[in-house]
Amino acid sequence: MTSESIKGLTHQHIMNTYGRFPVVLDHGEGATLYDPEGRAYIDFTSGIGVAALGYGNQPWAEAVADQAKKLGHVSNLFYTEPPAQLAEILCNRTGESAVFFANGGGEANEGMIKLARKYSFDKYGQGRAAIVTLENSFHGRTITTLKATGQDVFHNYFFPFTEGFRYAPANDLEALKAQDQGDVCAVMVELVQGEGGVLPLEKDYVKALEALCAERDWLLLVDEVQTGVGRTGTLFAFQQYDILPDVVSFAKGIAGGLPMSGILANEKCRDVLGPGMHATTFGANPVCAAAGLVVQEVLSDEFLREVREKGGYLRQGIEALDLPCFGRTRGLGLMIGIEVREGWSNRDLAARLVEEGLLVLTAGPGMRLLPPLVITKDEMDKGLEIVKRALG
Ligand code: PLP
(Lines give C-alpha, C1' and ligand atoms only; values in the text may rest on other atoms or scores of the structure.)
Protein backbone atom coordinates (compact mmCIF):
# COMPACT_ATOMS: atom_id res chain seq x y z
CA MET A 1 0.00 0.00 0.00
CA THR A 2 1.10 3.60 -0.54
CA SER A 3 1.42 6.19 2.21
CA GLU A 4 -1.72 7.95 0.98
CA SER A 5 -3.85 4.80 0.97
CA ILE A 6 -2.64 3.79 4.46
CA LYS A 7 -3.53 7.23 5.83
CA GLY A 8 -6.95 7.06 4.18
CA LEU A 9 -7.72 3.63 5.60
CA THR A 10 -6.56 4.75 9.05
CA HIS A 11 -8.85 7.77 9.05
CA GLN A 12 -11.73 5.60 7.96
CA HIS A 13 -11.43 2.86 10.58
CA ILE A 14 -9.23 3.89 13.53
CA MET A 15 -10.57 6.27 16.19
CA ASN A 16 -9.12 9.70 15.84
CA THR A 17 -7.38 9.88 19.26
CA TYR A 18 -3.84 10.81 18.15
CA GLY A 19 -2.59 14.08 16.70
CA ARG A 20 -0.55 12.28 14.05
CA PHE A 21 2.22 13.66 11.86
CA PRO A 22 1.43 13.02 8.16
CA VAL A 23 4.06 10.27 7.89
CA VAL A 24 3.63 6.52 7.36
CA LEU A 25 6.44 4.30 8.63
CA ASP A 26 7.13 0.96 7.07
CA HIS A 27 10.51 -0.40 8.15
CA GLY A 28 13.74 0.66 9.77
CA GLU A 29 17.38 -0.01 10.47
CA GLY A 30 19.27 1.27 13.51
CA ALA A 31 17.83 4.72 14.24
CA THR A 32 16.62 5.33 10.68
CA LEU A 33 13.02 4.72 9.57
CA TYR A 34 11.62 4.53 6.05
CA ASP A 35 8.18 5.23 4.61
CA PRO A 36 6.61 2.87 2.02
CA GLU A 37 8.05 4.98 -0.79
CA GLY A 38 11.57 4.61 0.64
CA ARG A 39 12.02 8.10 2.12
CA ALA A 40 14.36 8.02 5.14
CA TYR A 41 13.70 9.65 8.52
CA ILE A 42 16.27 9.95 11.31
CA ASP A 43 14.47 8.90 14.47
CA PHE A 44 14.91 10.95 17.65
CA THR A 45 11.76 9.38 19.20
CA SER A 46 12.12 5.55 19.35
CA GLY A 47 8.34 5.23 19.47
CA ILE A 48 8.29 7.46 22.58
CA GLY A 49 11.18 5.72 24.30
CA VAL A 50 10.28 2.16 23.38
CA ALA A 51 12.58 0.94 20.59
CA ALA A 52 15.70 0.98 22.76
CA LEU A 53 17.59 -1.24 20.29
CA GLY A 54 16.32 0.69 17.27
CA TYR A 55 14.87 -1.11 14.26
CA GLY A 56 15.83 -4.30 12.46
CA ASN A 57 17.94 -5.59 15.36
CA GLN A 58 18.72 -9.17 14.33
CA PRO A 59 19.33 -10.85 17.74
CA TRP A 60 16.13 -9.23 19.04
CA ALA A 61 14.08 -10.32 15.98
CA GLU A 62 15.50 -13.84 16.16
CA ALA A 63 14.76 -14.19 19.89
CA VAL A 64 11.18 -13.02 19.29
CA ALA A 65 10.71 -15.38 16.32
CA ASP A 66 12.28 -18.36 18.13
CA GLN A 67 10.12 -17.88 21.22
CA ALA A 68 6.99 -17.28 19.11
CA LYS A 69 7.60 -20.59 17.33
CA LYS A 70 8.16 -22.39 20.63
CA LEU A 71 5.46 -20.89 22.86
CA GLY A 72 3.57 -17.65 22.25
CA HIS A 73 1.40 -17.47 25.34
CA VAL A 74 0.23 -19.46 28.31
CA SER A 75 -1.56 -18.32 31.43
CA ASN A 76 0.26 -17.14 34.54
CA LEU A 77 -1.44 -20.12 36.19
CA PHE A 78 1.60 -21.99 34.83
CA TYR A 79 5.34 -21.30 34.89
CA THR A 80 7.51 -20.29 31.90
CA GLU A 81 11.24 -19.69 31.61
CA PRO A 82 11.77 -16.27 29.90
CA PRO A 83 9.94 -14.08 32.48
CA ALA A 84 11.61 -15.92 35.36
CA GLN A 85 15.01 -15.21 33.83
CA LEU A 86 14.15 -11.59 33.08
CA ALA A 87 12.90 -11.03 36.64
CA GLU A 88 16.13 -12.49 38.06
CA ILE A 89 18.24 -10.11 35.96
CA LEU A 90 16.13 -7.07 36.89
CA CYS A 91 16.34 -7.89 40.61
CA ASN A 92 20.08 -8.56 40.47
CA ARG A 93 20.78 -5.35 38.57
CA THR A 94 18.66 -3.09 40.78
CA GLY A 95 18.80 -4.50 44.32
CA GLU A 96 15.02 -4.86 44.27
CA SER A 97 13.46 -8.12 45.36
CA ALA A 98 10.58 -9.23 43.11
CA VAL A 99 8.76 -8.32 39.89
CA PHE A 100 5.15 -8.22 38.75
CA PHE A 101 4.89 -8.12 34.94
CA ALA A 102 2.13 -6.18 33.18
CA ASN A 103 1.64 -4.74 29.70
CA GLY A 104 1.76 -0.94 29.64
CA GLY A 105 2.97 1.98 31.73
CA GLY A 106 -0.37 3.16 33.09
CA GLU A 107 -1.22 -0.39 34.05
CA ALA A 108 2.11 -0.84 35.84
CA ASN A 109 1.42 2.32 37.82
CA GLU A 110 -2.04 1.01 38.74
CA GLY A 111 -0.29 -2.02 40.23
CA MET A 112 2.10 0.20 42.14
CA ILE A 113 -0.80 2.24 43.56
CA LYS A 114 -2.69 -0.93 44.55
CA LEU A 115 0.41 -2.30 46.26
CA ALA A 116 0.91 0.92 48.25
CA ARG A 117 -2.70 0.98 49.44
CA LYS A 118 -2.64 -2.72 50.34
CA TYR A 119 0.63 -2.28 52.28
CA SER A 120 -0.97 0.50 54.31
CA PHE A 121 -4.26 -1.37 54.77
CA ASP A 122 -2.45 -4.46 56.10
CA LYS A 123 -0.50 -2.41 58.63
CA TYR A 124 -2.80 0.47 59.55
CA GLY A 125 -6.31 -0.51 58.35
CA GLN A 126 -8.63 1.65 56.27
CA GLY A 127 -8.37 5.46 55.99
CA ARG A 128 -4.67 5.78 55.21
CA ALA A 129 -4.70 5.60 51.43
CA ALA A 130 -3.77 9.06 50.12
CA ILE A 131 -0.92 9.28 47.63
CA VAL A 132 0.99 12.50 47.06
CA THR A 133 2.28 13.05 43.52
CA LEU A 134 4.04 16.04 41.99
CA GLU A 135 2.63 18.92 40.03
CA ASN A 136 3.42 18.63 36.32
CA SER A 137 3.79 14.84 36.57
CA PHE A 138 2.36 12.28 34.17
CA HIS A 139 1.44 8.76 35.29
CA GLY A 140 -0.92 7.37 32.64
CA ARG A 141 -4.39 7.47 31.11
CA THR A 142 -6.47 5.06 33.15
CA ILE A 143 -9.10 6.68 35.38
CA THR A 144 -6.81 6.31 38.40
CA THR A 145 -3.49 7.27 36.82
CA LEU A 146 -5.09 10.31 35.17
CA LYS A 147 -5.97 11.48 38.67
CA ALA A 148 -2.47 10.59 39.91
CA THR A 149 -1.15 12.87 37.17
CA GLY A 150 -0.48 16.30 38.68
CA GLN A 151 -1.85 18.38 35.80
CA ASP A 152 -5.39 19.80 35.90
CA VAL A 153 -5.77 19.44 32.14
CA PHE A 154 -5.99 15.65 32.60
CA HIS A 155 -8.75 15.86 35.24
CA ASN A 156 -11.61 16.45 32.85
CA TYR A 157 -14.46 14.66 31.02
CA PHE A 158 -14.19 11.24 32.67
CA PHE A 159 -15.74 11.94 36.09
CA PRO A 160 -15.80 10.53 38.66
CA PHE A 161 -12.07 10.01 39.07
CA THR A 162 -10.43 7.84 41.73
CA GLU A 163 -10.16 9.62 45.08
CA GLY A 164 -7.09 9.96 47.25
CA PHE A 165 -4.51 11.93 45.27
CA ARG A 166 -2.89 15.18 46.35
CA TYR A 167 -0.23 17.20 44.61
CA ALA A 168 2.89 19.06 45.69
CA PRO A 169 5.32 21.20 43.69
CA ALA A 170 8.54 19.41 42.69
CA ASN A 171 11.72 19.98 44.71
CA ASP A 172 9.86 21.42 47.73
CA LEU A 173 9.81 19.02 50.68
CA GLU A 174 7.99 21.39 53.02
CA ALA A 175 5.13 21.77 50.52
CA LEU A 176 4.95 17.98 50.26
CA LYS A 177 4.85 17.61 54.05
CA ALA A 178 1.98 20.12 54.09
CA GLN A 179 -0.12 17.60 52.14
CA ASP A 180 0.03 15.17 55.09
CA GLN A 181 -3.31 14.96 56.87
CA GLY A 182 -2.37 11.78 58.71
CA ASP A 183 -3.74 9.67 55.87
CA VAL A 184 -0.83 9.42 53.45
CA CYS A 185 0.42 5.96 52.44
CA ALA A 186 2.84 6.81 49.64
CA VAL A 187 4.57 9.40 47.49
CA MET A 188 4.86 8.78 43.77
CA VAL A 189 7.35 10.62 41.53
CA GLU A 190 9.07 10.56 38.15
CA LEU A 191 12.75 11.33 38.70
CA VAL A 192 12.81 13.13 35.36
CA GLN A 193 9.34 14.41 34.53
CA GLY A 194 8.93 13.29 30.93
CA GLU A 195 5.63 14.44 29.44
CA GLY A 196 5.84 17.52 31.69
CA GLY A 197 8.88 18.80 29.81
CA VAL A 198 11.95 16.65 30.67
CA LEU A 199 12.51 18.14 34.12
CA PRO A 200 14.97 16.24 36.34
CA LEU A 201 14.27 16.37 40.09
CA GLU A 202 17.05 17.76 42.30
CA LYS A 203 19.24 15.09 43.89
CA ASP A 204 19.14 16.57 47.42
CA TYR A 205 15.34 16.70 47.27
CA VAL A 206 15.08 13.06 46.20
CA LYS A 207 17.45 11.90 48.97
CA ALA A 208 15.48 13.91 51.54
CA LEU A 209 12.22 12.51 50.16
CA GLU A 210 13.52 8.96 50.58
CA ALA A 211 14.41 9.73 54.21
CA LEU A 212 11.02 11.34 54.88
CA CYS A 213 9.18 8.35 53.43
CA ALA A 214 11.23 5.95 55.58
CA GLU A 215 10.54 8.04 58.70
CA ARG A 216 6.76 8.15 58.15
CA ASP A 217 6.42 4.67 56.65
CA TRP A 218 5.15 6.13 53.37
CA LEU A 219 6.11 4.01 50.40
CA LEU A 220 8.38 5.75 47.89
CA LEU A 221 6.95 4.87 44.47
CA VAL A 222 9.10 5.79 41.48
CA ASP A 223 7.51 5.86 38.03
CA GLU A 224 10.33 4.86 35.67
CA VAL A 225 8.03 4.09 32.75
CA GLN A 226 9.91 6.64 30.66
CA THR A 227 13.25 6.96 32.52
CA GLY A 228 13.85 3.22 32.97
CA VAL A 229 15.70 0.60 30.93
CA GLY A 230 18.83 2.56 30.10
CA ARG A 231 17.13 5.72 28.85
CA THR A 232 18.96 8.00 31.28
CA GLY A 233 22.31 6.22 31.03
CA THR A 234 21.87 3.84 33.96
CA LEU A 235 19.54 0.85 33.95
CA PHE A 236 17.12 2.88 36.11
CA ALA A 237 17.34 6.60 36.88
CA PHE A 238 17.04 5.91 40.63
CA GLN A 239 20.55 4.43 40.48
CA GLN A 240 21.87 7.92 39.62
CA TYR A 241 19.93 9.39 42.54
CA ASP A 242 21.47 6.89 44.94
CA ILE A 243 18.13 5.69 46.36
CA LEU A 244 16.30 2.36 46.47
CA PRO A 245 12.56 2.94 45.90
CA ASP A 246 10.06 0.72 47.71
CA VAL A 247 8.42 0.10 44.34
CA VAL A 248 9.46 1.18 40.85
CA SER A 249 7.43 0.87 37.66
CA PHE A 250 8.89 0.28 34.21
CA ALA A 251 7.52 -0.17 30.67
CA LYS A 252 8.44 1.40 27.31
CA GLY A 253 11.94 0.07 26.52
CA ILE A 254 11.79 -3.11 28.61
CA ALA A 255 11.11 -5.45 25.65
CA GLY A 256 12.58 -3.21 22.92
CA GLY A 257 9.28 -2.71 21.09
CA LEU A 258 6.84 -5.32 22.36
CA PRO A 259 4.18 -4.43 24.95
CA MET A 260 5.53 -5.23 28.38
CA SER A 261 5.72 -3.39 31.69
CA GLY A 262 5.88 -4.15 35.36
CA ILE A 263 6.83 -3.17 38.86
CA LEU A 264 9.86 -4.04 40.95
CA ALA A 265 9.35 -4.14 44.72
CA ASN A 266 11.88 -4.23 47.55
CA GLU A 267 12.03 -6.85 50.29
CA LYS A 268 9.48 -4.98 52.45
CA CYS A 269 6.91 -4.86 49.64
CA ARG A 270 7.48 -8.04 47.65
CA ASP A 271 4.76 -10.09 49.34
CA VAL A 272 2.10 -7.39 49.76
CA LEU A 273 0.04 -8.61 46.78
CA GLY A 274 -0.91 -12.26 47.09
CA PRO A 275 -2.71 -14.73 44.80
CA GLY A 276 -5.94 -13.30 43.39
CA MET A 277 -5.19 -9.71 44.41
CA HIS A 278 -3.52 -8.60 41.23
CA ALA A 279 -3.26 -10.20 37.80
CA THR A 280 -3.33 -9.63 34.07
CA THR A 281 -3.98 -12.16 31.31
CA PHE A 282 -1.16 -11.04 29.03
CA GLY A 283 1.40 -10.24 31.76
CA ALA A 284 4.80 -12.00 31.67
CA ASN A 285 4.22 -13.06 28.07
CA PRO A 286 7.14 -15.33 27.10
CA VAL A 287 7.72 -13.67 23.69
CA CYS A 288 7.92 -10.21 25.28
CA ALA A 289 10.17 -11.59 28.02
CA ALA A 290 12.48 -13.25 25.46
CA ALA A 291 12.75 -9.85 23.75
CA GLY A 292 13.46 -8.30 27.15
CA LEU A 293 16.33 -10.71 27.73
CA VAL A 294 18.03 -9.47 24.54
CA VAL A 295 17.56 -5.87 25.68
CA GLN A 296 19.22 -6.71 29.01
CA GLU A 297 22.12 -8.39 27.23
CA VAL A 298 22.75 -5.27 25.13
CA LEU A 299 22.46 -2.85 28.07
CA SER A 300 25.89 -3.62 29.59
CA ASP A 301 27.60 -1.08 31.87
CA GLU A 302 29.82 -0.08 28.92
CA PHE A 303 26.77 0.42 26.68
CA LEU A 304 25.09 2.56 29.37
CA ARG A 305 28.25 4.68 29.67
CA GLU A 306 28.00 5.27 25.90
CA VAL A 307 24.34 6.30 26.31
CA ARG A 308 25.47 9.02 28.75
CA GLU A 309 28.18 10.12 26.29
CA LYS A 310 25.77 10.20 23.34
CA GLY A 311 23.34 12.29 25.38
CA GLY A 312 26.10 14.80 26.08
CA TYR A 313 27.10 14.85 22.40
CA LEU A 314 23.57 15.48 21.18
CA ARG A 315 22.88 18.21 23.74
CA GLN A 316 26.15 19.97 22.90
CA GLY A 317 25.41 19.66 19.18
CA ILE A 318 22.01 21.31 19.60
CA GLU A 319 23.28 24.10 21.82
CA ALA A 320 26.18 24.74 19.41
CA LEU A 321 23.67 25.43 16.60
CA ASP A 322 22.64 28.51 18.60
CA LEU A 323 19.21 28.67 16.95
CA PRO A 324 16.88 31.60 17.65
CA CYS A 325 14.00 29.23 18.53
CA PHE A 326 15.88 27.09 21.09
CA GLY A 327 17.14 27.90 24.58
CA ARG A 328 19.11 25.52 26.81
CA THR A 329 18.88 21.73 26.79
CA ARG A 330 18.35 19.54 29.86
CA GLY A 331 17.87 15.90 30.77
CA LEU A 332 19.76 12.73 31.61
CA GLY A 333 21.40 10.38 29.11
CA LEU A 334 19.32 10.08 25.94
CA MET A 335 16.26 11.69 27.53
CA ILE A 336 16.69 15.25 26.33
CA GLY A 337 14.51 18.34 26.62
CA ILE A 338 15.05 21.52 24.64
CA GLU A 339 13.63 24.81 25.82
CA VAL A 340 11.58 26.53 23.12
CA ARG A 341 11.84 30.31 23.30
CA GLU A 342 8.80 32.55 23.56
CA GLY A 343 7.14 33.32 20.28
CA TRP A 344 7.83 29.85 18.86
CA SER A 345 5.46 26.89 18.92
CA ASN A 346 7.00 23.51 19.74
CA ARG A 347 4.38 21.79 17.59
CA ASP A 348 5.18 23.92 14.55
CA LEU A 349 8.90 23.32 15.04
CA ALA A 350 8.34 19.54 15.35
CA ALA A 351 6.19 19.55 12.19
CA ARG A 352 8.90 21.39 10.27
CA LEU A 353 11.57 18.92 11.41
CA VAL A 354 9.42 15.92 10.48
CA GLU A 355 8.83 17.47 7.05
CA GLU A 356 12.59 17.71 6.61
CA GLY A 357 13.15 14.07 7.65
CA LEU A 358 13.78 14.14 11.42
CA LEU A 359 11.26 12.63 13.85
CA VAL A 360 11.07 14.48 17.18
CA LEU A 361 8.67 14.80 20.13
CA THR A 362 7.29 17.64 22.19
CA ALA A 363 6.89 17.70 25.98
CA GLY A 364 5.29 20.51 27.97
CA PRO A 365 6.13 23.71 26.09
CA GLY A 366 9.47 22.33 24.84
CA MET A 367 10.93 19.72 22.51
CA ARG A 368 11.82 16.21 23.61
CA LEU A 369 14.33 13.81 22.09
CA LEU A 370 14.29 10.08 22.95
CA PRO A 371 16.42 8.45 20.24
CA PRO A 372 16.98 4.69 20.15
CA LEU A 373 19.80 3.95 22.61
CA VAL A 374 21.79 2.35 19.76
CA ILE A 375 21.83 5.56 17.68
CA THR A 376 25.21 6.13 16.00
CA LYS A 377 27.28 9.31 15.84
CA ASP A 378 26.62 9.42 12.10
CA GLU A 379 22.83 9.32 12.66
CA MET A 380 23.05 12.00 15.37
CA ASP A 381 25.10 14.20 13.00
CA LYS A 382 22.56 13.70 10.22
CA GLY A 383 19.78 14.67 12.65
CA LEU A 384 21.66 17.79 13.76
CA GLU A 385 22.22 18.73 10.11
CA ILE A 386 18.44 18.53 9.53
CA VAL A 387 17.78 20.70 12.62
CA LYS A 388 20.20 23.30 11.24
CA ARG A 389 18.68 23.19 7.75
CA ALA A 390 15.04 23.27 8.94
CA LEU A 391 15.28 25.79 11.77
CA GLY A 392 18.48 27.77 11.13
N1 PLP B 1 4.22 7.09 33.28
C2 PLP B 1 5.09 7.84 32.59
C3 PLP B 1 6.19 8.54 33.32
C4 PLP B 1 4.98 7.96 31.20
O5 PLP B 1 5.85 8.71 30.53
C6 PLP B 1 3.93 7.27 30.55
C7 PLP B 1 3.74 7.38 29.09
O8 PLP B 1 4.30 8.21 28.43
C9 PLP B 1 3.04 6.51 31.30
C10 PLP B 1 3.21 6.44 32.67
C11 PLP B 1 1.91 5.75 30.65
O12 PLP B 1 2.42 4.69 29.93
P13 PLP B 1 1.50 3.91 28.86
O14 PLP B 1 1.23 4.87 27.76
O15 PLP B 1 2.37 2.76 28.42
O16 PLP B 1 0.29 3.44 29.59
Side-chain angles (χ1 to χ4, degrees), residues 15 17-20 44-52 100-116 131-151 153-155 158 161-162 165 167 170 186-201 206 220-232 236-238 241 245 247-264 280 282-283 285 288 291-292 295 331-337 360-364 366-371:
M15 285 189 198
T17 65
Y18 299 99
R20 293 182 206 268
F44 281 3
T45 72
S46 62
I48 319 195
V50 170
F100 176 88
F101 285 113
N103 310 287
E107 187 193 345
N109 287 338
E110 287 269 349
M112 191 152 73
I113 291 162
K114 281 176 71 179
L115 191 155
I131 296 175
V132 183
T133 70
L134 298 184
E135 290 172 6
N136 205 40
S137 58
F138 182 79
H139 296 297
R141 289 182 181 275
T142 64
I143 293 286
T144 296
T145 56
L146 278 173
K147 195 63 179 169
T149 292
Q151 301 184 53
V153 62
F154 289 101
H155 306 160
F158 313 113
F161 289 96
T162 308
F165 290 96
Y167 315 100
V187 177
M188 176 164 161
V189 300
E190 299 160 87
L191 293 172
V192 183
Q193 296 188 327
E195 302 296 314
V198 190
L199 303 161
L201 294 187
V206 172
L220 177 57
L221 313 178
V222 176
D223 176 349
E224 292 236 26
V225 164
Q226 191 159 154
T227 52
V229 200
R231 175 55 52 191
T232 65
F236 285 91
F238 76 74
Y241 280 83
V247 193
V248 53
S249 61
F250 58 84
K252 292 196 184 281
I254 188 72
L258 292 184
M260 183 175 229
S261 71
I263 56 177
L264 274 153
T280 167
F282 289 112
N285 174 271
C288 298
V295 172
L332 278 183
L334 280 171
M335 180 169 182
I336 298 171
V360 295
L361 299 161
T362 59
M367 309 294 295
R368 179 174 40 153
L369 310 181
L370 302 171

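Keep in mind the model is a prediction, meaning the values are calculated, not measured. As the structure lists them, so they are numbered: ligands from 1, and atoms in each ligand from 1.
For R231 and S46, the side-chain atoms include at least one donor-acceptor pair closer than 3.5 Å. E195 and Q151 form no side-chain donor-acceptor contact under 3.5 Å, judged by distance and modelled atom types alone. Donor-acceptor pairing under 3.5 Å is lacking for the side chains of T145 and N109.
The shortest heavy-atom contact between T227 and T232 is O-CG2, 3.6 Å. Nearest heavy atoms, H155 versus K147: NE2-O, 3.6 Å.
The aromatic rings of F238 and F236 lie parallel to each other, with less than 30° between the two planes, well short of the 60° mark.
Within the 4.0 Å heavy-atom criterion, the part of K252 lying near ligand 1 is the side chain and not the backbone. Contact annotation: for N109 versus ligand 1, heavy atoms closer than 4.0 Å belong to the side chain alone. If you look at H139 next to ligand 1, the close heavy atoms, those under 4.0 Å, all belong to the backbone.
Checking only distances, Q226 does come within under 3.5 Å of ligand 1, N or O to N or O. Distances between N or O atoms of V225 and those of ligand 1 include no value under 3.5 Å. For a threshold of 3.5 Å applied to N or O pairs, the pair formed by E195 and ligand 1 contains at least one separation below that value.
At the shortest separation from atom 16 (O) of ligand 1 among protein heavy atoms lies G106 N, 2.7 Å. Protein heavy atom nearest atom 13 (P) of ligand 1, with residue, atom name and distance: G105 N, 3.4 Å. The shortest contact between atom 1 (N) of ligand 1 and any protein heavy atom is with D223 OD2, 2.8 Å.
Those atoms of ligand 1 with a heavy atom of E190 less than 4.0 angstrom away are 3 (C). Listed by number with element, the atoms of ligand 1 under 4.0 Å from a non-hydrogen atom of G104 are 15 (O).
Within 6.0 Å of atom OH in Y167, more than 12 heavy atoms from other residues, nucleotides or ligands are found, so the atom counts as buried in its surroundings.
Protein heavy atoms are found less than 4.0 angstrom from atom 5 (O) of ligand 1.
The side-chain hydrogen bond (donor to acceptor under 3.5 Å, both in side chains) test applied to Q193 returns N136, not counting sequence neighbours.
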